[in-house]
Amino acid sequence: MPPKPKKSKSKAKSIALPVPEPVPDASSSSNSDSDSDSDSDSDSQTSGSDSGSVFDSGSESDNEFEDQGSDSDDDSLPPPPVDSGESDDDSLQVIESHYTGATSTSASAQAPASSSSSSLNININQSKLPQYDPTHVRITSLNRELEVTQRPNAQKVAVETLHIDDLSSDDSDGEGTGNRTGKVPLHWYDEFDHVGYTVDGGKKKRGISGKDGEGGEDALDRAIKGSDGKNRWTVRDEVNDVDVELTLEQRELIRRIQSGAFAHSAHDANPDYISYFSGVDLQISGLSSTQPSKESFLPESKYSKLKTRRLLQLLKDGKIDMDYLEGKKKTMSEPRKNRTSDQPFQLWHGDEEDELGLRKGPQHVQAPKVPPPGHAESYNPPEEYLPSEEDLKNWEALDENDRPYGALIPQKFNNLRTVGAYKHSVKERFERCLDLYLAPRMIKKRLNIDPESLVPKLPSPQDLKPFPNVKSVEFGDDKMRKSVCRAISVCPSGEFLASGGEDGIVRIFDVQTTKCVREWDMNKVVTNSKLVENEDGEAGEKPPSSVIISALEYNPNPSHHVLLVSVGKSVVLINTGTGSTPDKELTDALLDKAKMGGGALNAKAEKACKWKSCKGGEGVGGGPVACIELNALTKSARFHKRGDYFVTVTEKQAGASSVLIHQLSKGTTQQPFSKAKGEAQLAAFHPSKPFLFVASQNYVRVYHLIKQQLVKRLVANVRMISSLDVHHSGDHLVVGSLDRRMIWFDLDLGEMPYKTLKYHEKAIRGVRFHQRYPLMGSCSDDGNVHIFHSMVYSDLMRNPLVIPVKVLRDAHKITKKIGVLDMVFHPKMPWVFTCGADGVIHMFTDV
């Protein structure tokens, strides 16, 4: 039986709650006119003097959920009504009618007959809903709470109501259309037509209500709109500017909070006590309320003896074993973890060194092992180990450390029983302990690295094709075989090949047919060909056939069909006459100043060279056009990439004028240096910048021609530089030497070589880059030609890739210890041309 509620000593306080108007049913609509008079009378009698308490409450009327209470502490709830025997569905129907405000025919509240009476009864089966009264509303809500909670299925109904949305998502804005402005004040958007932004960055438009004071609804309009009962459970979301209707679960929480109950019906305010500290074995865990005596802390105390005696008795009775005493298992019921003797197991797991490294403190260093005893320590050593009397006398004069066996004197015994104690054993053991204590030692980790893993994995040569690998064509005749071919060059179109040798004849071959189409004898062109140096270094006369062509190069401009030939002390310009009609006109215009004799830009250049015109270079067949006479024998001649300038290098007798720069279009010469730094061997232009590379015997100097200053000095670390070539990008340089080395310089890295390649067995005579393919080649006196895959990347973070891909062995016969003298790549195809001491030119192609 529930306790009897106390009578109220004062009038209950009213609350301001919007009460929806009753919605008549179909059965009661016909009698609405007849009951209107009675309803009006009952309204006036029921409300009485309390009808104005709600509307006179002022600002408290805006608060829909005011705390319900009484004026005194003696106010109590009326007794719950007697169950009328209705079904469990009535309780759910009462809750739903409380939320929706609809009139129910099976559940209604009856106001008390007298306003002064504190005991109220609620008749759920009453068909008519009384008029609005604050006291009636509060008491009806409280009685309904007691009635619902005391029904058999009330707890189930409340739980079902609170768990309606349990299966819904926690994300209230799954589509992302809500306002995502966060804690930004809303008044910042008063001047805009939106209130924020969605998750996608779109504007969150305002609702139909608009702004307050600008034709939209304000707070007062919404309060009046909600007083009719239709929008009773609708609240305003100011952030998203929308009206949100409370769900059934939210209404139930509000109702329970109003009635003073817990928010959730499944909450248990007085749960049963659970004993978490139970079932602990005090002997194993060590938890005990008794304090150990002071004697138990002594090692030989009475307590220790008793404990030891007890453990021995348990061990004797078989209740415990040694694994339990040694801590290998915590309880006797736990099986032994160690393997049985009949099962194999590993003695070493391989991670012993790792375990030593993980130990804290100083690292343990294993003591060095004592060397095993030799034959001298044996009790029955061989005769050659036994010392003689003379040896014993000599050993006594020596220090123990200098003796062959230290303090030990080898002796021979018949058996082990006759061997006595070693008198120096204590001393030697003490000295070993001193050595271990005083001598520093450390662990030296050995690197178990496979040598093959250190070698970089190079790609297969088949993946780096195309590159020349087969000898395909041979140029030359019997007359050429009697001389030595020293220089070759290919025209920019790749149609013609020019060659020159010790016979002083320049020949031009058709690459497709191997036919010689042009031929000029330089002995007839050079006027000072008789003045050459003999073997003793003195000037003398020699026959014209001794004029040697040391260098030869085509003009790199495809429109200029000019051949530059370095012969003796002169440089000859030849109009090849192999171009088309427009190209011939451009070539004649380029050589117009050279035909007139040219000149020098300064007095130093006038002393170093002299321009002369040659007759017979005009016409369809072409020929020599001009000749530049120098002060010494020429070593090399190179064109600039644009084809207007070329540089010549002569012997060291010329001094500072050994390096001269000539301009073909103006027919002029200039001397860039006033002093000679070393003996110049070769010179070449940078393909795109005003740089000049001058190679001496050991260094390569880079000069800026406009600023007239030294930019960089490259250290080759070789005995004698024999050849030089610049990559078409201008950032890389390759140098060949007579000591079999090929040096690769990366101009962006520094002055030292990037890579040194040593593949040849004899002196290197020429090195070349391909102008189109990532190929590089070198030729040597050993008769071989090496082809390399030389990829230069535009990414500055990647180093050049240099891989040897092919060795063209026995490319030429070795004559008088001279093999291949020059090589040049085809400008458009992955082919290479070579010439050597045998006087023959070979072409290698890719197959």
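Being a predicted model, the structure only gives us computed values, none of them experimental.
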Open item on the list: If we count only N and O atoms by modelled type, under 3.5 Å, do the side chains of Ser665 and Asp644 hold a donor and an acceptor together?
Closed with: yes
Open item on the list: For the backbone of Gly643 and the side chain of His640, can you confirm whether one donor and one acceptor N or O come within less than 3.5 Å of each other?
Closed with: no
Open item on the list: Check this for me: does any side-chain nitrogen of one of Glu629 and Lys612 sit under 4.0 Å from a carboxylate oxygen of the other?
Closed with: yes
Open item on the list: If we ignore hydrogens and angles and just use 3.5 Å, is the side chain of Ser696 paired with the main-chain N or O of Glu679 as donor and acceptor?
Closed with: no
Task: Pair listing, salt bridge (Lys or Arg N to Asp or Glu O under 4.0 Å) test, anchored in residues 645-673, at least two apart - done: Lys635-Glu651
Open item on the list: What verdict does the ring pair (Phe, Tyr, Trp, His ring centres under 6.0 Å) test give for Phe685 and Phe639, after you've listed the backbone C-alpha separation in whole Å, the side-chain angles of each residue and the deciding distance to 0.1 Å?
Closed with: CA-CA 8 Å; Phe685 288 101; Phe639 266 112; 9.4 Å; no
TODO: Answer with yes or no after comparing the ring centroid distance for Tyr703 and Phe693 against a 6.0 Å cut-off, counting only values under it.
DONE: no
TODO: Please determine if Arg486 and Glu502 form a salt bridge, counting it only when a charged side-chain N lies under 4.0 Å from a carboxylate O.
DONE: yes
Mind listing the side-chain donor-acceptor pairs of residues 461-468 below 3.5 Å, one per line with the distance, residues two or more places apart or on another chain?
residue	atom	partner	partner atom	Å
Gln462	OE1	Lys465	NZ	3.3

Task: Least distance between heavy atoms, Arg772 atom then Lys828 atom - done: NH1-O, 3.3 Å
Task: Side-chain donor or acceptor of His704 paired with backbone N/O of Lys707 under 3.5 Å - done: yes
Task: From Lys471, His842, His812, residue fulfilling side-chain hydrogen bond (donor to acceptor under 3.5 Å, both in side chains) relative to Thr834 - done: His812
- [ ] Mark yes or no for whether Arg768, through its side chain, and Met823, through its backbone, hold a donor-acceptor pair below 3.5 Å.
- [x] yes
Task: Distance-only donor-acceptor check, side chains Trp744 and Thr756, under 3.5 Å - done: no
Open item on the list: Using a 3.5 Å distance criterion without hydrogens, assess whether the side chain of Ser636 forms a donor-acceptor pair with backbone atoms of Leu682.
Closed with: no
Task: For Gly750 against Leu714, the heavy-atom pair lying closest together - done: O-CD2, 3.8 Å
Task: Atom pair CG (Asp781) and CZ (Arg765), whose distance is rounded to the nearest 0.5 Å - done: 4.0 Å
Task: Donor-acceptor pair, side chain of Thr634 and main chain of Gly568, under 3.5 angstrom - done: yes
Open item on the list: Tell me whether Asn698 contacts the main-chain N or O of Val718 through its side chain, where contact means a donor paired with an acceptor under 3.5 Å.
Closed with: yes
- [ ] May I ask you to decide if the ring planes of His662 and Trp611 are parallel, tilted or perpendicular, using 30° and 60° as cut-offs?
- [x] perpendicular
Open item on the list: Atom CD of residue position Glu519 - does it have more than 12 heavy atoms of other residues, nucleotides or ligands inside 6.0 Å?
Closed with: yes
Task: Point-to-point distance, once rounded to the nearest 0.5 Å, from CG of Leu630 to OG1 of Thr669 - done: 8.5 Å
Task: Any donor-acceptor N/O pair, Ser780 side chain to Lys762 backbone, under 3.5 Å - done: yes
Open item on the list: Taking Arg481 first and then Asp838, would you say they form a salt bridge - that is, a charged N and a carboxylate O separated by under 4.0 Å?
Closed with: no
Open item on the list: Can you see whether Asn523 engages Asp521 through a side-chain donor-acceptor pair at a distance of less than 3.5 angstrom?
Closed with: yes
Open item on the list: Other residues, nucleotides and ligands only: do more than 12 of their heavy atoms fall within 6.0 Å of CD on Glu474?
Closed with: yes
